[in-house]
2 protein chains.
Amino acid sequence: MSGKTTIYDIAKELNITAATVSRALNNNPKISKATRKLVLETAAKMNYEQNKLALALKSGKSYNIGVIVPRIDSNFFASIIRGIEEELYPKGYHVIICQTHDQEDLEIGNINSLLNAQVDGILMSISNAKLEDNQSFQKLLKKNIPLIFFDRKKDIKGVSSVTIDDFKGAYDATKHLIDQGYKRIAHLSNDRLLLIFKNRYLGYKQAIIDNGLEFDESLVIETQSKVHEGKKTTKILLDMERPPDAIFSSSDFTALGAIQEIKERGLRIPEDIGIIGFSNEPFTKFMELSITSVDQSPTEMGRITAQVFLEEVNNGKKIKSEKHVVLSPELMVRKSSRREN
Amino acid sequence: MSGKTTIYDIAKELNITAATVSRALNNNPKISKATRKLVLETAAKMNYEQNKLALALKSGKSYNIGVIVPRIDSNFFASIIRGIEEELYPKGYHVIICQTHDQEDLEIGNINSLLNAQVDGILMSISNAKLEDNQSFQKLLKKNIPLIFFDRKKDIKGVSSVTIDDFKGAYDATKHLIDQGYKRIAHLSNDRLLLIFKNRYLGYKQAIIDNGLEFDESLVIETQSKVHEGKKTTKILLDMERPPDAIFSSSDFTALGAIQEIKERGLRIPEDIGIIGFSNEPFTKFMELSITSVDQSPTEMGRITAQVFLEEVNNGKKIKSEKHVVLSPELMVRKSSRREN
DNA sequence: TACATTTATGTAATCGATAACATTTTATAT
DNA sequence: ATATAAAATGTTATCGATTACATAAATGTA
């Protein structure tokens, strides 16, 4: 009554064995055309549907993959997940989502929880830089379950990654500001234990140096990726004896906070101060004063992460080779930094 | 070597049977303290971890639930998913995400695919109004698998839903415009075969009528939830013989398009024309000209949807009772409609 | 016709955990 | 010390599908 037709039901109905039914359903060559046809028809009639759970237990492949992100309700991560899902669904995979909220214990808990659920792979963006506990990762590797980092990675032997060239993104952004004539460029940084922020900092610094500007460490301030934090930090910058005339922010949200503070002080953007954010969040384009930002093509990143996973799976037991895909970011020049003409 | 310790391994190690191991691990009372301790220690030593797949096959509960949305990379749906995940993860559930991209075949495909994966329930926002094919839904119900609609629902007997009071949201928004002195209010609608848009239209209409304004059907135009569509439609409105002096849009994106068109014509907001959107997308608050919008508290909606699911699961075989939660929307009044003082 | 092949089907084990039922061991009462 | 109850453990079937191996049926060959 409650659905759930199994191959045994079909077998009984036709007075054959479950093995034969299984073979018929799987296009196994060792079966007569007549029987196959009969089984297929009966299966359809009885609304048979394969129980993937049983298959998974038998085969050791669940066709589920886990995706771990700090949070899902940010355009960046949501877009990555979109890309992953679109790439994997056609191949028969389902995507399980876990959020860590930047909590280390949840990060580890999620990994274990996904392992218990027998996922075929884990794609994740690590949230905690201090996550010294490589144990959970090692466990994955020992079990030969593909682990792939996207965006926020950790250097672990045998683990592939898909990231963007944060250094280049930052370098290009800073260079653009310099080209626009800005001389004293500040940088709203973030926890530099995380590679992405470290590299953005380094790219910024290199651009300053390469172009003969004075590099002033006091113009670099670490803050959190929140609007009000950006505002607070900008207050500090503007109150300096020699305030900056441009700000390259490692986050669109802090860039927005900076804009708010700058406007409150009656300063003009981009005439008096230039602003660039990072991530190309949708709102940067929507603002009347549109914000120049670095696009990370997150959907593409998700797609490629999924592809790298598929490659590893298809590679099977072969040599576990790391693959590191580095995508090129694109500077989206908008009003907040375009001073010419 | 490759991990995967099973209860049989532990049993062999201790010269007992798997059943005893299972009992020890599950705190079954029928076991001696000594054996339990021994098993627990050995399990820890051998890095045992329960295979949820085997458990799922045996128990018929996968502890996976499917969530089907049109797309995940919109703040609204991402926030709902966030709420769902946060509510269900602590209860041991994993959330599987599927996107339909508003395609009917994908919608049906997703349901079947999730069914095969033996999910314990499906939470979804239907994307296609024309989805006459109730077959897939009936299949779910027949199998006694909880199906719960959120936001975009369909009236199906036995199916619970969590929605917001779109009528009220629209009514309040329109009433607010009227209170601000706007006299000729247009409505950017959307496919009214979908209940949410139908109800927003009805709420708008009722507010117009209740407040003695003239209801003019030509001021209601269906469009798609895209910025450029909103712009295009607004063009039509502004070119009318008697153009509107306010626009209540069923989407924040069309509201944004409307603003762009209005500004290009040199009209002032909110002085000449008032604007209200729907959904309270993050950017509405970030804009310099912040947009008044109707908040749908999506994270809360997700949470409650999950709770309704849990209730149905715990209800077990009991009377299948529909539950319809209707959340109250909140009007977020911002600059785009605040004309007084 | 008799024997070798090929083809189709059946049998039974397996994946890992659980649980009803059976059996053994230990504790308690007489 | 013996009967009996209670506690602990073992045996085995089960969830649903797959598959190596065994067997039966069909076909081919001499």
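Being a predicted model, the structure only gives us computed values, none of them experimental. Side chains are part of it too, since the values below use all heavy atoms of this structure and drop only hydrogens, waters and symmetry mates. By convention in this document, chain letters (A, B, ...) are assigned in the order of the sequence lines, proteins followed by strands, and residues within each chain are numbered from 1.
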Asker: Using only side-chain N and O atoms of A:Thr20, determine if any of them is under 4.0 Å from OP1 or OP2 of C:dT9.
Answerer: no
Asker: Identify whether the distance between the nearest side-chain nitrogen and carboxylate oxygen of A:Asp9 and A:Lys4 falls below 4.0 Å.
Answerer: no
Asker: So, is A:Asn26 close to the D:dA17 phosphate, meaning a side-chain N or O under 4.0 Å from OP1 or OP2?
Answerer: no
Asker: Would you indicate what A:Ile16 reaches in the nucleic acid, counting non-hydrogen atoms under 4.0 angstrom: base, sugar-phosphate, or nothing?
Answerer: sugar-phosphate
Asker: Is it the case that A:Gln50 and B:Asn116 place a side-chain donor and acceptor less than 3.5 Å from each other?
Answerer: no
Asker: Expressed as a whole number of angstroms, how long is the span from B:Glu49:CD to C:dC15:P?
Answerer: 19 Å
Asker: I'd like to know if A:Glu13 pairs up with A:Lys45 as an ion pair, taking the criterion as any Lys NZ or Arg NE/NH1/NH2 lying under 4.0 Å from an Asp or Glu carboxylate oxygen.
Answerer: no
Asker: Bend across the helix from C:dT1-D:dA30 to C:dT30-D:dA1, to 10°, with axes taken over 5 pairs at each end?
Answerer: 50°
Asker: Please figure out whether B:Ala19 or A:Lys52 has its closest DNA chain D nucleotide nearer the 5' end.
Answerer: B:Ala19
Asker: Please determine, by modelled atom types, if A:Asn112 and A:Lys139 share a side-chain donor-acceptor pair under 3.5 angstrom.
Answerer: yes
Asker: Just by distance, with hydrogens left out, do B:Thr5 and B:Glu49 show a side-chain donor and acceptor under 3.5 Å apart?
Answerer: no
Asker: Would you say D:dA8 has OP1 or OP2 under 4.0 Å from some side-chain N or O of B:Ser32?
Answerer: no
Asker: Over how many whole Å does the gap from A:Leu57 atom CG to C:dC15 atom P extend?
Answerer: 9 Å
Asker: Please give, in whole Å, the distance from D:dC15 P to B:Asp120 CG?
Answerer: 18 Å
Asker: Base, sugar-phosphate, or nothing for B:Ile7, non-hydrogen atoms under 4.0 angstrom?
Answerer: base
Asker: Heavy atoms under 4.0 Å, any strand shown: does A:Thr35 hit a base, just sugar-phosphate, or nothing?
Answerer: sugar-phosphate
Asker: Return no unless some side-chain N or O of A:Asn28 is found under 4.0 Å from OP1 or OP2 of D:dT19.
Answerer: no
Asker: What is the distance from CG of B:Leu55 to P of D:dG16, rounded to the nearest Å?
Answerer: 14 Å
Asker: Taking CG from A:Asn116 and P from C:dA17, how many angstroms apart are they, rounded to a whole number?
Answerer: 10 Å
Asker: May I have the distance from A:Tyr8 (atom OH) to D:dA13 (atom P), rounded to whole angstrom?
Answerer: 14 Å
Asker: Between atom CD1 in B:Ile31 and atom P in C:dT25, what is the gap in whole Å?
Answerer: 16 Å
Asker: A:Asp155 and salt bridge (charged side-chain N to carboxylate O under 4.0 Å, His left out): which partner among A:Arg152, A:Lys157, A:Lys153?
Answerer: A:Lys153
Asker: For a quick check under 3.5 Å, do B:Glu85 and B:His94 share a side-chain donor-acceptor pair by atom type?
Answerer: no
Asker: Can you check the A:Lys4 NZ to D:dA17 C1' distance for me, whole Å?
Answerer: 14 Å
Asker: B:Thr17 side chain N/O closer than 4.0 Å to the phosphate oxygens (OP1, OP2) of D:dG10?
Answerer: yes
Asker: Hey, is the side chain of B:Gln50 poking within less than 4.0 Å of OP1 or OP2 on C:dT18, counting only N and O atoms?
Answerer: yes
